[in-house]
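As structure tokens, the structure follows; a few thoughts come after it.
Below, each value reflects all heavy atoms present in this structure, side chains not excepted, and no hydrogens, waters or symmetry copies. Count residues from 1 along the sequence.
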Amino acid sequence: MGCFYLCAWMETLICIHLFPSNDRYGDFFHASSICTGISDEKGKICYESARSISVSPEQIGQAQETDVYLHEGKLALRSHEIHGGFGYWLRDLEEVNQLNRQLEDLGDVLEEENSILDAENRMEEEKERLRQKNRLYDCIARDVSERLDRISALIDNPPDGPDEFKKIITYACVLCTYIKRRSNLLLLGDQHQQISSDELRLAILESLEYVRLYGVSAQGFCRTMGMLPKAVVLNAYEIFEEILESALLETDAILVNLKAEENLLQMRFTVSWPGGSFDPQRLQALAKEAGMNLSAQAEEDTQYITLDLPAGGQES
């Protein structure tokens, strides 16, 4: 009962204005810790907090639609229409701007690090490319090293007579042609699983050209089209060179017929070889590596050698 009387007494004091209530809004606004204010419809500031700054009616009107940046972008003004005027407030963007600057600095650092990583990746790719190139060149050097040694031996010990010297030089040219063409075929084979049969034709015809300079009647009839497995092209040219070098010192005429199509090859040698002999067994293993057949037949002083890649031979 006492509580009821107390409440009734306080309510009576409020009603006769002896107990203060609902007043001093201006002081409340001024003491607020946020940057805010209220203006009338004409833009006159009615209330504003102690932390607020002076704003114009135009800025308050514009701030209804979008942020209005003040103090060099450190503060953002927004407003909203209320009964009898406008309420506005300001947001402190200093911390946001500082974070943005830090992010920009971090972005610059990341961009620099990415540039360094890109440069390192390019360097590694270049190193790998050089390693692959060196590996290929070492492979080529090993492949032709035996003939390089023979050329060096011929040049280091030249004969005295001009005719003998010419023979030695033209024989060395035959070996050099093989080295050049063999290296080219190895480079193509490193890049592709199949090689154009035209490359084999060009290699054979160039080798026969230097055989003619050596003094041997040499002819080549070639009909090529399409692609062949790289092992077929490489082994066929190596077999061609082995037969050529074996007969070169004793023959006076060589005829080569080459027919090559898509995964099909036929190469026939007709060699005038007086008193000579040819053992096909040492080259048959090389032919079989590429799915080819090698056979030889002798009639009097002529050797007939055939190299075939039958249908269904090696595909890659």
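Judged by distance alone, the side chain of Glu262 and the main-chain N or O of Met227 form a donor-acceptor pair under 3.5 Å. Between the side chain of Arg182 and the main chain of Leu234, a donor-acceptor pair closer than 3.5 Å is present. Counting only distance, with no hydrogens or angles, the side chain of Lys44 and the backbone of Ser39 share no donor-acceptor pair below 3.5 Å. No donor-acceptor distance shorter than 3.5 angstrom exists from the side chain of Glu241 to the backbone of Glu238, with no hydrogens or angles considered. Asn184 places no side-chain N or O within donor-acceptor distance of the main-chain N or O of Lys180, the cut-off being under 3.5 Å. No side-chain donor-acceptor contact under 3.5 Å links Thr306 to the backbone of Arg268. Counting only distance, with no hydrogens or angles, the side chain of Asp308 and the backbone of Asn293 share no donor-acceptor pair below 3.5 Å. Remark: the backbone N or O of Ser272 is paired with a side-chain donor or acceptor of Thr251 at under 3.5 angstrom.
Within the model, atoms CG of Leu248 and CD1 of Ile254 stand 6.5 Å from one another, a figure rounded to the nearest 0.5 Å. To the nearest 0.5 Å, atom CD1 of residue Ile305 and atom CD1 of residue Ile239 are 10.5 Å apart.
Residue Gln102 qualifies as enclosed at atom CD: its count of foreign heavy atoms under 6.0 Å is above 12. Atom CD of Glu128 is surrounded by more than 12 heavy atoms from other residues, nucleotides or ligands within 6.0 Å. Enclosure of atom CD in Glu300 is not indicated, since only 12 or fewer non-hydrogen atoms of other residues, nucleotides or ligands lie within 6.0 angstrom. Counting non-hydrogen atoms of neighbouring residues, nucleotides and ligands closer than 6.0 angstrom, the CD atom of Glu65 reaches no more than 12 such neighbours.
Salt-bridge check for Glu209 with Arg212: failed, with every basic side-chain N at 4.0 Å or more from each acidic carboxylate O. Taking a cutoff of 4.0 Å between a charged side-chain nitrogen and a carboxylate oxygen, Glu164 and Lys167 do not qualify as a salt bridge. Salt-bridge annotation for Glu242 and Arg147: present, with a side-chain N of the basic residue lying under 4.0 Å from a carboxylate O of the acidic one. Between Lys230 and Asp190, no side-chain nitrogen of the basic residue sits less than 4.0 Å from a carboxylate oxygen of the acidic one, so the salt-bridge criterion is not met. Under 4.0 Å is where a charged nitrogen must lie from a carboxylate oxygen, and between Lys166 and Asp163 no such pair does.
A 4.5 Å side-chain heavy-atom check between Val256 and Met267 finds at least one atom pair inside the cut-off. Under the 4.5 Å side-chain criterion, counting only non-hydrogen atoms from C-beta, Phe86 is in contact with Gln64. Taking the side chain as every heavy atom from C-beta outward, Leu205 and Cys222 approach each other to under 4.5 Å.
For the 3.5 Å distance criterion, the side chains of Arg150 and Tyr171 qualify, holding a donor opposite an acceptor. Arg135 and Gln132 share a donor-acceptor pair across their side chains, judged by distance under 3.5 Å alone.
With a 6.0 Å cutoff to the six-membered ring centre and a 45° limit on the axis angle, Arg181 does not count as a cation-pi contact of Tyr237.
Shown here for Leu309 and Leu228, the closest heavy-atom pair between the two residues is CD2-CD2, 4.4 Å.
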